[in-house]
Protein chains: 2
Amino acid sequence: MQRPFPVVVGLNAAIVAVTGETPRVLTVERAEHALATARAMRRGPGRPWPALPFGPLDPAGDPTLERGLRGWVRRQAGLELGYVEQLYTFGDRDRESRGDARVLSVAYLALVRESAVSGAGEAQWRDVYSFLPWEDGREGGAEAPLRAIRARLEAFVAVAPDAAQRSARRERVDICFGWRGAARDPDRVLERYELLYEAGLVAEAHPGRSGPEDFGQPMAADHRRMLATALGRLRGKLRYRPVVFELLPDTFTLLRLQQVAEALAGARLHKQNFRRLVAAAGLVVGTGQRESGTGGRPAELFRFRRAVLRERRAPGVAAAR
Amino acid sequence: MQRPFPVVVGLNAAIVAVTGETPRVLTVERAEHALATARAMRRGPGRPWPALPFGPLDPAGDPTLERGLRGWVRRQAGLELGYVEQLYTFGDRDRESRGDARVLSVAYLALVRESAVSGAGEAQWRDVYSFLPWEDGREGGAEAPLRAIRARLEAFVAVAPDAAQRSARRERVDICFGWRGAARDPDRVLERYELLYEAGLVAEAHPGRSGPEDFGQPMAADHRRMLATALGRLRGKLRYRPVVFELLPDTFTLLRLQQVAEALAGARLHKQNFRRLVAAAGLVVGTGQRESGTGGRPAELFRFRRAVLRERRAPGVAAAR
DNA sequence: CTCATTATGCTCTCCGTGAGTATTACGCGA
DNA sequence: TCGCGTAATACTCACGGAGAGCATAATGAG
């Protein structure tokens, strides 16, 4: 049975690296592809909104979705992806304004090491938290946006049509952001973004008008939703799979390891406990070599200990707070 | 840019319920749809292999993938789905033997209550562990298959072309199944199935020949892979989201709650600790009512306590062993 | 009335986690 | 060369959750 309405499949990638203490994501300025849409091309006052790199699936050529993804990332950005994980398939009808085809986007999370962050052609590495500023709870950088968000969300609760919906919104707001005594879950990045979207507090939610106060740098189409999905998944996975090491060079100091974990978790971790945890879990082995010139006592260089995969069911790193 | 090669999108569902102490999945005998493939129709000696229910996405009609799924499940099986969660998108080229189109399948996990298990039209509720017998570690039911699997996998390790690949296979086998001192992770259902597939120990891996000893009831196409994905995800989610209650009626005894958790985890849990954990986490509240006629002291009926969503970041149930 | 069966209460021991204090080893500038 | 800033590393301590066991209460069946 031939469909009258064709389906086009896009492969999107949130390609993440950590440089210094900031998590970065690879973005492109222009949507050059067949998948480019009016929305993806949308401009703010000045520049077009950045987009996650994406390319179309070649239904006849690409043997697997993942190999299709790796292929065009290699060709376009000259980047060889290491760790790749499928995130989610986005298929809402109104998410792309193409009248002539249904667009499905399969979003992936990819991790690359800091060393690969340099020449990426026209692509740019941007701070993940410039798109999701409320997610970085390290230096109180999220406090100002969170105060403002709270005020706006209070209003969102207040304008609910009836009491039942009001209390439902209240619950949702509190649980998402951990307000009024609720426990804040750092992994619920997507839920928070979607709440802001529904409350009209991100620019993507009202593409025509410019909102009075929108939070975070917008992205093309629903790419910021994908980025939120990626960050949430990454934070969760950090805890039970040794994915941090995909972002680190072969040898590293414990401080560096902690910095990368903190950058992704968006929170400061207790130093001594972090080290004890990492050591006790057998995640790393010392190399005997030391790093110098950091302005303090030289740190030992460590290396990921693969044998931990045998010993632990869930070898992760972000448990220590 | 119009693709020369059309893409067809299928929506698959692993619809899971727990009756008594067995987890069940809804299966259909025949692939009646446009998506039906030679492989899906494949027969063993007698009947065709059961399949997960699936239906095509209507690219022009269905506003979202999930609503498309709910729609055809309602129409075909007369079943109104409650909890639905996207699992994974399968898109390998060779997974469906259609020469005229590329088939993408978006697989979903859906949970329904025991009460809904009855009239499902031509569909049948089958024991999940009949497809994945090595995953049920409750009454030693998995012991016999696991012994046999172990012997076959030892051979798989031995026939590796060189020493490096041999030790890589050895590592993988040990980690997957928790052998030779490795820690067995109950959530890695998919990894175990895929290992068996690669080792040629499931019928789907060699559709022509009939294997000397294949493990578990096969399913059409790659549906058993989807089921493994579903079970793994469900086991993981049990631990940090209150999904068990999607499978239970409004009120239930603690024994019933534990049985459902055990059925999905495929393991026995310590009774007193389970109850203490559930109580301490504030997951349930007593109703004051009691159940009788069970042949012992009557148990109190409990109800899910929604307020736990505020209080706990990760309210789950399967921590107690 | 007794026994099998199930629910439920209580205890006790580890160990992981959160948090703090103290000590060691560098580079650098006065 | 001495002192100070910076960072790494070593210990200690309290607390709560998880694992395991024993004891007791409330039913129905015979």
Side-chain angles (χ1 to χ4, degrees), chain A residues 20-21 137 183-184 186 238-240 251-262 265 267-302 308 311-321, chain B residues 20-21 137 183-184 186 238-240 251-262 265 267-302 308 311-321:
Chain A
E21 299 220 56
R184 179 190 174 96
L238 226 46
R239 218 168 292 125
Y240 63 94
T251 64
F252 47 83
T253 67
L254 292 182
L255 176 62
R256 189 79 196 97
L257 175 62
Q258 182 170 355
Q259 284 172 336
V260 173
E262 286 178 337
R268 288 286 166 211
L269 307 173
H270 188 282
K271 189 169 185 171
Q272 288 86 338
N273 289 347
F274 182 83
R275 300 167 100 94
R276 181 184 53 183
L277 177 81
V278 164
L283 276 168
V284 295
V285 267
T287 62
Q289 302 174 332
R290 326 208 139 256
E291 195 196 41
S292 65
T294 51
R297 174 173 170 172
E300 185 169 3
L301 285 169
F302 288 82
V308 72
E311 300 158 6
R312 302 234 153 205
R313 275 199 309 238
V317 92
R321 187 187 305 157
Chain B
E21 298 218 58
R184 180 190 173 95
L238 226 47
R239 218 168 292 126
Y240 64 95
T251 65
F252 46 84
T253 67
L254 292 183
L255 177 62
R256 189 78 195 96
L257 175 61
Q258 182 171 356
Q259 284 173 337
V260 173
E262 286 178 338
R268 289 286 168 211
L269 307 173
H270 188 282
K271 189 168 184 171
Q272 288 88 339
N273 289 346
F274 182 83
R275 300 167 101 95
R276 182 184 52 182
L277 177 81
V278 163
L283 276 168
V284 296
V285 266
T287 62
Q289 301 173 332
R290 324 208 142 257
E291 193 196 42
S292 65
T294 51
R297 172 174 170 174
E300 183 169 4
L301 286 168
F302 288 82
V308 74
E311 299 159 7
R312 303 233 155 207
R313 276 199 308 236
V317 95
R321 186 187 304 158

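The sequence lines fix the lettering, A, B, ..., with proteins before strands; numbering per chain opens at 1.
- Protein atom CZ of B/F252 is 16 Å distant from nucleotide atom C1' of C/dA7, rounded to whole Å.
- Evaluation of the salt bridge (charged side-chain N to carboxylate O under 4.0 Å, His left out) rule for A/E300 yields no partner, not counting sequence neighbours.
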Nucleotide-resolved protein contact map, nucleotides 9-17 of chain D, B/S/- at heavy-atom distance under 4.0 Å:
BB-B-----
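- Put simply, the side chain of B/E262 never gets that close to the backbone of B/E21: no donor and acceptor are under 3.5 Å apart.
- Of the possible donor and acceptor atoms, one in the side chain of A/R256 sits under 3.5 Å from a partner among the backbone N and O of A/G20.
- The main-chain N or O of B/H270 is never found under 3.5 Å from a side-chain atom of B/R275 such that the two would form a donor-acceptor pair.
- A/F274 has its CZ atom 16 Å from the C1' atom of C/dG16, to the nearest Å.
- Note: NE2 (B/H270) to P (D/dA20) measures 7 Å, nearest angstrom.
- Residues passing the side chain to side chain contact (heavy atoms under 4.5 Å, CB included) test with A/L255, sequence neighbours excluded: A/T253, A/Q259.
- Distance, B/E291 CD to C/dT8 C1': 15 Å, rounded to whole Å.
- If you measure from atom CD of A/Q289 to atom C1' of C/dC26, you get 18 Å, rounded to the nearest angstrom.
- Here the closest non-hydrogen pair linking B/V317 and B/A261 is CG1-CB, 4.0 Å.
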